[in-house]
Peer 1: 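Got a structure for you, written out below as structure tokens; questions coming shortly.
Throughout, residue positions are numbered sequentially from 1 according to the sequence presented. Heavy-atom basis, side chains included; hydrogens, waters and symmetry copies ignored.
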Amino acid sequence: MKQSIFIVLDGIDGAGTSTHSKLLAGFLSLKGLKTYLTQEPSNSDVGKLLRTYLRDDNIPASVDALLFAADRVLHYHNDIKEKLEEGYIVISDRYIESSIAYQSSQSESISVDWVKSLNKFAEIPDLTIILDIEPKLALIRKSNKILDKFEDKLLLEKVRQIYLDRAKDEGYVVINTDDIIEIVQSKIQDIVTDKLINEGIQIKK
Ligand code: TMP
């Protein structure tokens, strides 16, 4: 019987993907499921390089797109795949939709299709949930931290629109995170629980 499933929380900076991924992992562990929480950029050498590039405006957008795809393929093949084979519920804080939204919003010459084709060696998740928030509110949440190069209101508006268009095309659930954390998290938990039940995965009541 299937025990593993690959879940992704994605969305613009400040939407709460990290907070909600952690809370979801805690919830699933309490429900008796083997749970593995991971994130992108990953801990691979390429992922570490990307963390430094997030503070560097001189990196061409095409290089970001190529490196994020390389990091993802490594992440999937060296980490996620193994955990799924061992029967874990894998939760990734960001995945392919981050590249589609962020990298294709950087330049006219970076199309959604090109980003998708770069990422074709990374498997598609079983469930992607998009967390959505107004860029203005997202940046208020980030206001006392050092901002990465993508954390700019106009850019985030473009990025957000791509996430919303993709959600419509792909049928992803979109959850507005401009609400108290517990309410948002309980909506996420309901969607994930339904998915687990549909996949025949047993969970504690
Ligand atoms: P975070 O660790 O705060 O989520 O920040 C990661 C940043 O990297 C965020 O600004 C989104 C960006 N990013 C991309 O541009 N493309 C990608 O494929 C991924 C995974 C992240």
Peer 1: Return the minimal non-hydrogen interatomic distance between T128 and P125, and the atom names on each side.
Peer 2: OG1-CG, 3.7 Å
Peer 1: Is it true that F27 and Y88 fall in one hydrophobic cluster, defined by side-chain heavy atoms closer than 4.5 Å?
Peer 2: no
Peer 1: Kindly give the cluster partners of I183, where membership spreads through any ILVMFWY side chain lying under 4.5 Å from a current member.
Peer 2: I180
Peer 1: Please check if V73 and I80 belong to a single hydrophobic cluster, counting links between Ile, Leu, Val, Met, Phe, Trp and Tyr side chain heavy atoms closer than 4.5 Å.
Peer 2: no
Peer 1: With rounding to the nearest 0.5 angstrom, report the OG to CZ distance, S99 to R72.
Peer 2: 3.5 Å
Peer 1: Judged by atom type as modelled, is there a donor-acceptor pair below 3.5 Å linking the side chain of S4 to the main-chain atoms of L84?
Peer 2: yes
Peer 1: Any idea which heavy atoms bring T17 and G11 closest together, and the distance?
Peer 2: CG2-N, 3.7 Å
Peer 1: Between D71 and S42, is there a donor-acceptor pair closer than 3.5 Å when you use the side chain of the first and the backbone of the second?
Peer 2: yes
Peer 1: Are D132 and I175 close enough that some pair of their side-chain heavy atoms sits under 4.5 Å apart?
Peer 2: no
Peer 1: Mind checking side chain to side chain contact (heavy atoms under 4.5 Å, CB included) for E151 and listing every partner two or more places apart, or none if nothing turns up?
Peer 2: D13, L139, K142, L147, D148
Peer 1: Minimum heavy-atom separation for R94 and I12, please, with both atom names.
Peer 2: NH2-C, 3.9 Å
Peer 1: Would you say the side chain of T38 lies within less than 4.5 Å of the side chain of Y95, judging by non-hydrogen atoms?
Peer 2: no
Peer 1: Given side chains that start at C-beta, do those of E97 and V8 come closer than 4.5 Å, heavy atoms only?
Peer 2: no
Peer 1: Cluster question for you: counting only ILVMFWY and a side-chain heavy-atom cut-off of under 4.5 Å, with indirect links fine, are I96 and I130 together?
Peer 2: no
Peer 1: Starting at CD1 of I89, measure out to OG1 of T35 and round the result to the nearest 0.5 Å.
Peer 2: 6.0 Å
Peer 1: Within the 3.5 Å criterion, strictly below it, is a donor on E82 or N78 matched to an acceptor on the partner's side chain?
Peer 2: no
Peer 1: Please tell me whether Y163 and D10 have a donor and an acceptor in their side chains that are separated by less than 3.5 angstrom.
Peer 2: yes
Peer 1: Using a 3.5 Å distance criterion without hydrogens, assess whether the side chain of K158 forms a donor-acceptor pair with backbone atoms of S105.
Peer 2: yes
Peer 1: Supply the atom-to-atom distance E134 CD to N176 CG, rounded to the nearest 0.5 angstrom.
Peer 2: 8.0 Å
Peer 1: Grouping I, L, V, M, F, W and Y whenever their side-chain heavy atoms are under 4.5 Å apart, do V192 and F6 come out in a common cluster?
Peer 2: no
Peer 1: Can we say K81 and E123 salt-bridge, meaning some charged N sits less than 4.0 Å from an Asp/Glu carboxylate O?
Peer 2: no
Peer 1: Quick one: ring-ring contact (aromatic ring centres under 6.0 Å, His included) pairs with a partner in residues 29-78, sequence neighbours left out?
Peer 2: none
Peer 1: Taking the side chain as every heavy atom from C-beta outward, state whether D79 and V90 have any atom pair closer than 4.5 Å.
Peer 2: no
Peer 1: According to the ring-ring contact (aromatic ring centres under 6.0 Å, His included) rule, which pairs have a member within residues 169-200, sequence neighbours left out?
Peer 2: none
Peer 1: When rounded to the nearest 0.5 angstrom, what distance separates OG in S92 from CD in Q39?
Peer 2: 7.5 Å
Peer 1: Under the 4.5 Å side-chain heavy-atom rule for ILVMFWY, direct or indirect, which residues accompany L23?
Peer 2: I181
Peer 1: Crowded around K83 NZ? As in, over 12 foreign heavy atoms under 6.0 Å?
Peer 2: yes
Peer 1: Can you confirm whether L50 sits close enough to D64 that some side-chain heavy atom of one is under 4.5 Å from a side-chain heavy atom of the other?
Peer 2: yes
Peer 1: So with a 6.0 Å cut-off around NZ of K22, is the heavy-atom count from everything else above 12?
Peer 2: no
Peer 1: Honestly curious: do V63 and L118 fall in one hydrophobic cluster under the side-chain, below-4.5 Å linking rule?
Peer 2: no
Peer 1: Please indicate whether K136 has more than 12 foreign heavy atoms, meaning atoms of other residues, nucleotides or ligands, lying under 6.0 Å from its NZ.
Peer 2: no
Peer 1: Salt-bridged, D126 to K195, with N to O below 4.0 Å?
Peer 2: no
Peer 1: When you check the side-chain N and O atoms of Q189 and Q185, is any donor under 3.5 Å from an acceptor?
Peer 2: yes
Peer 1: Quick one: pull up CD1 in I162 and CG in D169 and give me the separation to the nearest 0.5 Å.
Peer 2: 11.5 Å
Peer 1: Can you name the closest pair of heavy atoms from S62 and I110 and give their distance?
Peer 2: N-CD1, 3.6 Å
Peer 1: Do the non-hydrogen side-chain atoms of I59 and D56 ever get within less than 4.5 Å of each other?
Peer 2: yes
Peer 1: Are the side chains of T19 and V184 in touch, meaning some heavy atoms are under 4.5 Å apart?
Peer 2: no
Peer 1: Taking all non-hydrogen atoms of both residues, which atom of A61 and which atom of Q106 are closest, and how far apart?
Peer 2: CB-CB, 3.4 Å
Peer 1: The criterion is ring-ring contact (aromatic ring centres under 6.0 Å, His included); which residues satisfy it with Y102, sequence neighbours excluded?
Peer 2: F150
Peer 1: When rounded to the nearest 0.5 angstrom, what is the spacing between CD in Q103 and OG in S111?
Peer 2: 12.5 Å
Peer 1: Check this for me, if you would: do K149 and D57 make a salt bridge, where the nitrogen-to-carboxylate-oxygen distance has to be below 4.0 angstrom?
Peer 2: no
Peer 1: With a 4.5 Å limit on heavy-atom distance, are the side chains of R160 and L164 in contact?
Peer 2: yes
Peer 1: Run the numbers on L131 and I188 for side chain to side chain contact (heavy atoms under 4.5 Å, CB included), then give the verdict.
Peer 2: CA-CA 9 Å; L131 303 186; I188 295 171; 3.8 Å; yes
